[in-house]
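Starting from 1, each residue takes its place in the sequence as its number.
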Amino acid sequence: MRAIPEDTVDSQKDYHAARTPRERLRKKKVFVERKVSVDVYIPSVVSVGQLAQLLDVRLARLQRKMEQAGMGEETSYDHVLTSDYAVLLAEEFGKNPIVNDEMAFDIYPSPPHPKLGSLPLRPPIVTIMGHVDHGKTTLLDTLRSTSVAKGEAGGITQHIGAFSVPVPSTSNDNVLKTITFLDTPGHAAFSAMRARGAGVTDIIVLVVAADDGIMPQTHEVINLIKKEQDKVGVVVAINKVDKPGISIEAVQTSLLAEGLQLEQYGGDIPAVNVSGKTGEGLPSLVETLSAIAEMQDLRAEQEGPVHGYVLESNMHKGLGPVATVLVLRGSLKIGSHIISGLSYARVRVMNDSNGKPVKAATPGMAVTISGWKTLPSAGSDVLQGSEADIKKAIANRQRKAEIESSLADMEAINSTRRQDREKRELELQSGKDVVASEEQPEHGPKELRLVIKADVSGSAEAVVGALQGIGNDVAITKVISSGVGDVTESDVTLAQTAGGMIVAFNVNASKQIQSAAAQKNVTILSSGVIYKLMDDVQDHVIKLLPVIVEKKITGEAQVLQIFDIQAKKQVVKVAGCRVTNGMVERSKQARVIRNGETVHEGPVETLRVVKKDVMEVRKGSEFGLSLANFSGLQAGDSIQMFTIIEKPGVL
């Protein structure tokens with residue numbers, strides 16, 4: 001048997017001696033946490049595009065993984081894989097694949113048409129973007145000669161508006177065509193809705209006010225344009241050129257500095273000077289959009305199964321759940337069965353952007369659809385199928401959502417148990433001291449709990465995003481519920497139970513609901529303008545902050561001499577003083593300063609001039625003073641009179 005060198009033994013002893021009790025404890029008992037793999041049902045054959053949706057990963061990421069696995073020639077969207085290859089790829093993404101055709105069934109968009117050039121042309125989808133109050137809605141209002149802007153709260157767009165505008169063709173056939181416009185909100189709270197509008201658009205029109213220039217949401221839109229530059233056309237509309245004293249050249253230069261290469265400076269992005277108020281330059285803008293659309297050669301199937309996109313959804317009195325759907329491919333007709341996320345519908349009523357009923361919606365049209373069983377989420381795909389297939393797909397999607405929800409709960413439970421184990425280990429290491437410290441609860445930030453109700457799902461999403469970021473490490477907002485529709489009694493009950501308040505955006509709270517809320521001490525904040533709601537919620541968060549206490553000095557005096565005055569049964573020390581600044585008042589607090597340090601703060605007990613009690617003494621006057629609960633005044637002390645001012649906290 002080989003002998004172990006003594007220096008090795010000594011070093012091992014030193015190592016074990018240097019280890020903490022906690023490290024030695026963990027050596028004895030080791031817990032290994034394993035991330036729970038999500039079950040994924042895979043059909044016997046599946047296309048690459050469908051597999052990406054099943055695994056809930058981006059198509060580009062799946063294609064990169066396939067290339068790394070040596071499947072570079074099989075990465076096209078519509079390439080069909082056998083379950084063997086699909087199982088291996090699913091395992092690469094940490095999933096637990098189960099091959100089951102029935103459980104894996106779902107409805108997917110059709111693969112791209114192999115010969116796009118043979119398909120009929122479709123209207124371009126143009127999204128109007130820009131900063132709040134830069135005149136986007138008024139610009140479109142002039143285009144379609146209706147009064148959209150007047151109907152918006154404060155003239156600010158709160159939703160995605162979609163409508164078609166007939167325009168003359170740029171070719172010589174003089175045929176009227178249409179352009180579908182999406183008007184997105186410009187306010188900071190609606191960034192998710194702007195991104196959603198950019199995701200389905202062919203051309204982005206960036207509206208910049210000539211009198212305002214580049215603003216925060218303009219920066220945001222420019223960043224969106226840079227991300228989507230290869231996929232979408234871009235036109236800059238410099239609005240409000242009818243105002244006096246503006247500099248169009250300054251706006252163009254600032255856009256160039258932001259990286260937008262305008263045609264005026266040798267780039268490829270056209271810039272058009274327009275006025276939404278007078279209509280100046282609008283024909284030129286329409287011609288530019290038509291020319292870009294013809295260059296893009298936009299085509300789509302006019303028949304076959306529908307693929308669309310939910311722009312907005314809301315509860316309509318009399319119609320129930322209603323959604324604005326932008327049709328991208330196929331023809332949507334009355335009576336069709338469609339699915340969107342976890343919601344499905346049999347199309348009962350279909351209206352165009354002007355509110356007129358239509359029997360069929362073709363690519364490029366935005367229509368309002370009623371007949372939904374539940375409210376679909378804004379931003380989700382709309383697909384068509386048979387009634388039986390849609391019901392089967394809905395059942396599978398609901399099961400998948402429940403599994404994902406339970407797994408999220410399981411991970412939260414595991415995290416809590418891990419923290420409990422660590423606490424027990426610390427208790428074993430340090431004994432009662434740790435136990436005592438753990439019994440003291442950790443005080444996190446105070447929470448302003450909110451129940452949010454909005455008129456449409458996109459607005460509810462935007463309000464949640466805008467309000468949940470308000471606060472700091474002392475007081476924060478917490479959204480406990482959000483939904484669509486008027487404020488109900490259950491909302492009031494939820495807010496009361498949670499100790500929160502209700503935020504109502506563009507929805508009503510009946511007198512009965514307001515009365516119930518008042519009885520239960522539940523506040524309802526209601527407005528049709530989002531930034532007013534943000535200000536109101538911020539004010540309520542500030543009320544949760546500790547007040548800022550300020551001491552305002554109102555007078556100063558110098559102690560000249562100390563006198564012993566015989567009272568009833570005791571000798572009281574009274575300071576003879578002179579007011580050097582301001583006014584000494586009996587109702588104020590006094591601070592005694594000696595050698596630059598504060599030795600006492602407290603109320604005034606007596607304030608006299610000669611033998612008369614007074615309430616105040618002005619500058620230059622002499623007086624006698626005694627302080628409550630303090631008899632240590634000395635000649636030469638300074639006395640400052642102050643009042644306490646409480647100010648609300650600052651976020």
Side-chain angles (χ1 to χ4, degrees), residues 120-131 134-149 157 160-184 186 197-198 200-210 218 221 225 228-229 231-243 248 251-252 255 260 262-264 267-300 311 326-327 352-354 356 362-366:
L121 291 167
R122 67 164 175 83
I125 299 163
V126 179
T127 304
I128 308 292
M129 294 188 172
H131 190 72
H134 272 205
K136 300 179 297 299
T137 304
T138 306
L139 195 68
L140 292 172
D141 180 42
T142 309
L143 274 172
R144 61 175 179 162
S145 301
T146 58
S147 192
V148 178
T157 301
I160 291 182
F163 51 86
S164 297
V165 174
V167 294
S169 172
T170 55
S171 56
N172 296 324
D173 52 11
N174 292 324
V175 177
L176 277 177
K177 299 191 303 181
T178 59
I179 295 178
T180 300
F181 285 97
L182 303 184
D183 179 17
T184 62
V200 293
T201 193
D202 301 308
I203 305 170
I204 292 176
V205 176
L206 172 59
V207 177
V208 184
T218 317
V221 175
I225 288 171
E228 306 285 340
Q229 203 157 15
K231 304 174 187 175
V232 299
V234 180
V235 177
V236 173
I238 301 174
N239 196 17
K240 303 187 181 181
V241 295
D242 56 306
K243 285 196 169 184
I248 294 172
V251 176
Q252 292 175 343
L255 287 168
L260 292 184
L262 303 182
E263 283 183 350
Q264 287 85 339
D268 55 358
I269 297 176
V272 184
N273 301 332
V274 296
S275 169
K277 196 171 183 180
T278 65
E280 178 188 343
L282 290 187
S284 177
L285 176 63
V286 170
E287 284 177 18
T288 304
L289 294 173
S290 298
I292 292 175
E294 287 188 12
M295 289 169 61
Q296 289 178 328
D297 194 34
L298 304 167
R299 298 176 182 272
L311 294 175
L326 178 66
V327 179
D352 64 11
S353 56
N354 295 317
K356 295 179 180 177
T362 51
M365 284 183 67

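Between I292 and P270 the shortest side-chain heavy-atom distance falls below 4.5 Å. Side-chain contact between Q264 and V236 is absent, with no heavy-atom pair separated by less than 4.5 Å. Inter-residue side-chain proximity for I179 and I203 is flagged as unmet; no heavy-atom pair is nearer than 4.5 Å.
Here the CG-CG distance, from N239 to L282, works out to 8.5 Å after rounding to the nearest 0.5 Å. We find the CD-CG distance between E263 and D268 to be 7.5 Å, quoted to the nearest 0.5 Å. Taking CG from D352 and CE from M365, the interatomic distance works out to 6.0 Å, rounded to the nearest 0.5 Å.
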Practice task
Check the pair L206 / L255 against side chain to side chain contact (heavy atoms under 4.5 Å, CB included), numbers first and verdict last.
Solution key: CA-CA 11 Å; L206 172 59; L255 287 168; 4.2 Å; yes

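The minimum heavy-atom distance between Q296 and G233, with the atom names listed, is NE2-N, 3.3 Å. The shortest non-hydrogen separation linking V251 to A209 is CG2-O, 4.4 Å. Heavy atoms only, all atoms of each residue included: A237 and V205 are closest at CB-CG1, 3.9 Å. Summarising the geometry of L285 relative to V272, their closest heavy-atom pair is N-CG1, 4.0 Å, with the distance given to 0.1 Å. Shown here for I125 and T201, the closest heavy-atom pair between the two residues is O-OG1, 2.8 Å. Pairing each heavy atom of S284 with each of T288, the nearest pair is O-OG1, 2.8 Å.
D297 meets the salt bridge (charged side-chain N to carboxylate O under 4.0 Å, His left out) test with R299; sequence neighbours excluded. Every side chain to side chain contact (heavy atoms under 4.5 Å, CB included) that E280 has, sequence neighbours left out, goes to V241, S275, T278. Scanning for side chain to side chain contact (heavy atoms under 4.5 Å, CB included) contacts around P123 gives T178, T180, with sequence neighbours left out.
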